[in-house]
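To start, the structure under review is shown below, and the notes come after it.
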There are 2 protein chains.
Amino acid sequence: MAKLQKSIDKQNALFKATLALINNGGIQEASMAKVAKMANVSPATIYIYFENKQDLVNQLYLNVKASFSKSAFDAYNESLPVKKSFEHIWFNIAKFKMAYSQEAEFLSQCDNAPLIDLEIRKEGLVHLQPLLDLWKRGQEEGIIKEISPFLLYAYSIYPMAFYLSSVVNDICPLGDDMLKSAFQLAWDSIKV
Amino acid sequence: MAKLQKSIDKQNALFKATLALINNGGIQEASMAKVAKMANVSPATIYIYFENKQDLVNQLYLNVKASFSKSAFDAYNESLPVKKSFEHIWFNIAKFKMAYSQEAEFLSQCDNAPLIDLEIRKEGLVHLQPLLDLWKRGQEEGIIKEISPFLLYAYSIYPMAFYLSSVVNDICPLGDDMLKSAFQLAWDSIKV
DNA sequence: GAGTAATTAATAAATGTTCATTCTTTTTTT
DNA sequence: AAAAAAAGAATGAACATTTATTAATTACTC
């Protein structure tokens, strides 16, 4: 067992514990002591891997965001037509949110509460470029409405957070047809 | 000056301080000591008006949610056609979020972070009924898609939170046309 | 046995909450 | 209408815990 691997494992254990605690009771319930206990580690050990608590949370955010972005553009092929491309990315994101609902919940908490330093949050947005490019292409082809990417995101991607959190909390049912409906809404809103 | 009025004033000062602090740095920055100082009150005084910190935050949530709902259905007339009705409510909400951006920001923080007790959160949803009724009418008339109200909300109302927070943070410009575009997206997504 | 990883134990500061007490207002008695 | 009594509102200081963070010490690996 390589030393490096062990380090990574311990980091991941800390990430996992922090994520679970923050998801359950917010940042106020995620004390360093609890994180340490949940990761089977002494509190002092955390400071070997992270500068301080804020750094721990920031790094967790970047970590989760990276895995989100990776999923979003998994097997993405720019050569497909605009709608097909968008559909591909959209369902990738939906799949991520279903499969990693804890991570998804954490991300939307970060996007709406002042948990993460602003610079770090900006850093996490970088990976979205392919989607912005796609929208631009769609607009040039006259397929997608000529409006700010903020609006496009707000109406075609952002709603998934709400809908899928309802699903996860068992307030709202889920079926394959349900997901298709959701995509239809997303596409109807941004298509020209 | 009636005693009752003075009580209400003090409660409102506490609400205002709590809101500001939570908005700025999350619940962890809103200590009872800071809330008290900001409201020009002794920490012990808070416990005359509220059971404990959680109760303070819960009551604040209900208070803000009530004023939100009131705005949403301001001058709302059920006798108008479905689209006109929806437009009315939609712009009411938009106006609220612009005029009371602090309150709006707080609400979306509450909806995505475990700040508020679940029962209290449910209590805050009650006032949305007229909108649900409207959607039902629209569906009966074949104007609005036959899908779960969760999806309808996720795509026609929820996006405003994202878009208008971008506006407030000066990341995204705002114009009257911009708002009209946003409404167009909302309507396009749910209309049949 | 050198060097790093991890722990225990300790730090000061901050946390939510309560206490005994004072100040202010209202009610009762004269 | 004035004085006395009761009640209520507000306070600052103190409470025991908990907080994030470090210093000193031990365990482990190469």
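Numbers restart at 1 for each chain; the letters A, B, ... are given by sequence-line order, proteins then strands.
Here the two rings, on B:Tyr153 and A:Phe162, have centers that are under 6.0 Å apart.
Spacing between atom OH of A:Tyr49 and atom C1' of C:dT4 amounts to 10 Å, rounded to whole angstrom units. Nucleotide C:dT7 holds its C1' atom 15 Å from the CE atom of A:Met32, rounded to whole Å. Regarding A:Asn40, its CG atom lies at a distance of 13 Å from the P atom of C:dA6, rounded to whole Å. Atom C1' of nucleotide C:dG16 and atom NZ of B:Lys37 are separated by 17 Å, given to the nearest angstrom. Look at NZ on B:Lys34: it is 11 Å from C1' on C:dT15, rounded to the nearest Å. Taking atom CD on A:Glu29 and atom C1' on D:dA20, their separation rounds to 16 Å, with Å as the unit. Taking atom CD1 of residue B:Ile46 and atom C1' of nucleotide C:dG16, one finds them 10 Å apart after rounding to whole Å. Protein atom NZ of B:Lys53 is 8 Å distant from nucleotide atom C1' of C:dG16, rounded to whole Å.
A donor-acceptor pair under 3.5 Å is formed between the side chain of A:Asn52 and the backbone N or O of A:Gln54.
Of the charged side-chain nitrogens involved, at least one lies within less than 4.0 Å of a carboxylate oxygen, so that A:Asp188 and B:Lys145 count as a salt-bridged pair.
Under the 4.5 Å side-chain heavy-atom criterion for grouping Ile, Leu, Val, Met, Phe, Trp and Tyr, A:Ile89 is not connected to A:Leu80 through any hydrophobic cluster.
Looking at heavy-atom distances under 4.0 Å, A:Ser31 makes contact with sugar-phosphate atoms alone, never a base. Using a 4.0 Å heavy-atom distance criterion, A:Lys10 is classed as a sugar-phosphate-only contact. Heavy atoms of A:Phe50 sit nowhere under 4.0 angstrom from any nucleic acid atom.
For the residue pair B:Asn63/B:Gln59, the side-chain donor-acceptor check at 3.5 Å is not satisfied.
Between B:Tyr47 and the phosphate of D:dA10, there is no side-chain N or O to OP1/OP2 separation shorter than 4.0 Å. For A:Ser42 and C:dA6, the shortest distance from a side-chain N or O to OP1 or OP2 is not below 4.0 Å.
For A:Ala44, the listed nucleotide lying nearest its side chain is C:dT7; candidates were D:dT21, C:dG16, C:dT7.
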